Amino acid sequence: MMTDTPDTHVSHEEWTKEGLAIIVIGASGDLAKKKTYPSLLSLFADYLLPRNVIIYGYARSNISSEQLREKLRPYLTKAVNDENVIDDFLSRCHYQSGPGYGDSTSWQHLDKEIVRFEDEIAHAKGVSKVNRLFYFAIPPNVFAETGEAIKTSCMSSKGFSRMIVEKPFGKDLESCKEILARLGKHFDETNLFRIDHYLGKEMVQNLMVMRFGNIWMENMMNRNYVQCVMLTFKEPFGTEGRGGYFDQYGIIRDIIQNHLLQVMCLLCMECPNKLDGIDAGEKIRDEKVRVLEAMNPVTLDEVFLGQYEGYHDDETITNKDSNCPTYAAVRCFINNPRWAGVPIIFKAGKALNERKAEMRIQFKDAPAGEFLFGTKVPRNELVIKLQPDELIYMKSNIKTPGFASAPIQSELQVQYDTRYFEQNGVSNPDAYSRLILDVLRGKSAAFVRSDELIRAWEIFTPVLHRIDRENVRPHVYKTGSRGPDEADAWINDKSGYVRNDDYVWYDGNICRKTGF
């Protein structure tokens with residue numbers, strides 16, 4: 001059992017001394033088992049949840065609390081290697097089933113269970129304030145009925161009630177507005193946190209310090225120095241039985257319109273007046289919206305689509321002639337004084353040659369470089385890798401070692417695992433743990449505001465509707481490849497990117513050529 005609680009960076013905050021009831025809605029589903037509960041366990045193991053915490057799962061599955069614990073245990077052992085901590089955590093996990101997510105009788109029963117917990121810690125420990133955190137690990141089509149039931153039957157009377165809502169936030173502008181309206185009837189922006197787990201990744205959260213804490217970086221992040229900005233997502237597997245879901249959305253809706261677009265906003269926004277503290281969240285989100293407001297809707301000539309061979313073999317895909325893209329490259333522009341004319345390239349794909357997510361900024365040619373050195377001088381690039389390894393490096397030019405004097409490209413590099421975590425055996429927190437903690441702390445910067453969502457859909461909805469309406473056919477590519485054969489030429493033409501084919505990257509063991 002949890003006894004003495006060591007001090008942490010949040011120990012001074014009042015909510016840590018109060019009670020907390022966490023309600024995981026959709027507790028028997030994959031998202032809850034694989035992400036939500038393990039992330040809660042990580043917070044619990046690091047003493048980042050209040051000492052007086054209880055966790056209730058709610059779903060339609062007719063199982064007991066003990067059966068839920070047994071379903072969770074295999075996933076929890078992957079997150080924390082301490083059976084005593086896992087047992088303590090599971091002892092706090094309970095389960096409430098209901099015939100539907102909007103069943104008011106079931107929610108009233110759960111409310112009584114939570115009130116009983118509140119009364120127990122009030123009498124035994126003198127804790128009078130108890131907060132509630134609701135995690136919506138459910139499809140968006142049941143958001144409205146769930147929110148209504150919570151609002152009428154299960155809100156806290158002794159503390160805050162905050163909701164974490166998972167994507168997708170619609171398929172287009174109209175469906176997004178419908179979801180926002182349904183939830184907006186019951187909750188406002190102060191207690192509604194729309195989660196995009198990419199905003200919880202270390203390298204994304206690091207952008208605030210990198211951009212605005214380094215004079216060298218801020219001075220060169222503009223149209224005078226930057227040739228293009230590329231945001232890339234690659235994964236080496238296909239739909240793998242999730243084709244029925246994926247075929248309704250496609251790679252643009254699934255990755256580019258949300259994850260990569262959100263990351264781009266943080267990378268390219270102007271500096272807010274505040275980056276930390278009570279008002280920082282809204283100021284950061286204001287600047288993100290300004291970036292989106294400076295972008296025109298995407299047109300079809302700015303989109304390149306691909307689909308991997310064998311996509312339709314997924315048994316869950318009913319439309320065997322589906323044009324659903326599993327690969328896409330999109331070019332946008334930010335029409336403001338800082339970024340005017342700089343191509344922003346989004347690239348995302350499934351069934352490719354590797355797992356990778358990164359931000360890449362290629363700078364313009366060194367002035368008079370070819371005349372000065374008598375040879376081509378490679379362009380500098382700043383690369384920020386989000387996954388699988390957290391890494392920052394600047395491709396810089398140095399003299400060729402030895403007697404030669406021609407410029408050769410190397411890198412200035414920080415690798416997080418070896419630089420910060422190799423000696424003590426710890427690692428960065430996962431994105432979900434970080435974001436759940438932000439909600440408890442009332443920090444809104446890493447969550448998506450309603451006006452951000454609406455503007456993002458305004459940018460992408462017209463071209464998405466045209467692709468669907470005109471049945472635009474994607475280029476076919478082989479699984480395990482870098483994507484369609486024609487994609488690199490399209491991207492280079494649209495971005496002005498110049499690839500240095502002579503560059504080799506040293507990973508600590510061998511030098512090898514690498515591509516973006």
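The analysis underlying the following values was restricted to heavy atoms, covering all of them including side chains, and did not include hydrogens, waters or symmetry mates. If you're wondering where the values come from, they're calculated on a predicted model, not measured in any experiment. Residues take their numbers from the sequence shown, with the count starting at 1.
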field: Test item: side-chain donor near acceptor, Glu166 and Tyr135, under 3.5 Å
entry: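 Yes, a side-chain donor-acceptor pair sits under 3.5 Å.
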With a 4.0 Å cut-off, would you call [X] and [Y] a salt bridge?
X	Y	result
Arg434	Glu202	yes
Asp172	Arg253	no
Arg290	Glu287	yes
Glu381	Arg360	yes

Close side-chain approach of Tyr58 and Thr146, heavy atoms under 4.5 Å: no
Decide whether a cation-pi geometry holds between [X] and [Y]; the criteria are a distance under 6.0 Å from NZ or CZ to the six-membered ring centre and an angle within 45° of the ring axis.
X	Y	answer
Lys494	Phe304	no
Lys167	Phe169	no
Arg162	Phe160	yes
Lys171	Tyr249	yes

Check against salt bridge (charged side-chain N to carboxylate O under 4.0 Å, His left out), Asp286 and Arg449: CA-CA 9 Å; Asp286 286 344; Arg449 209 166 59 188; 2.9 Å; yes
Ignoring hydrogens and angles, tell me if any N or O in the side chain of [X] forms a donor-acceptor pair with the backbone of [Y] under 3.5 Å.
X	Y	value
Arg455	Met295	yes
Ser42	Pro38	yes
Asn397	Pro378	yes
Asp46	Leu48	no
Gln409	Val377	no
Trp15	Val10	no
Arg211	Met221	no
Asn214	Met217	no
Arg223	Pro337	yes
Lys34	Gly29	no

message: Please evaluate residues Asp196 and Arg194 with respect to the criterion salt bridge (charged side-chain N to carboxylate O under 4.0 Å, His left out), reporting the C-alpha separation (whole Å), side-chain torsions for both, the decisive distance (0.1 Å), and the verdict.
response: CA-CA 7 Å; Asp196 183 329; Arg194 302 174 192 88; over 6 Å; no
task: Evaluate the ring planes of His259 and His197, with Trp represented by its six-membered ring, and classify them as parallel (under 30°), tilted (30 to 60°) or perpendicular (over 60°).
output: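 His259 and His197: perpendicular rings.
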message: Just to verify, what does Cys228 make a side-chain contact (heavy atoms from CB on, under 4.5 Å) with, not counting sequence neighbours?
response: Met230, Pro343, Gln362, Ser495, Tyr497
More than 12 heavy atoms of other groups within 6.0 Å of Glu174 CD: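 Counting neighbours around CD of Glu174, 12 or fewer heavy atoms of other residues, nucleotides or ligands fall under 6.0 Å, so no.
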- prompt: Please walk me through it: do Phe346 and Ile255 pass side-chain contact (heavy atoms from CB on, under 4.5 Å)?
  reply: CA-CA 10 Å; Phe346 301 99; Ile255 300 296; over 6 Å; no
- request: Return the minimal non-hydrogen interatomic distance between Lys350 and Ile251, and the atom names on each side.
  value: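 Reported closest heavy-atom pair: CG-CD1, 3.9 Å.
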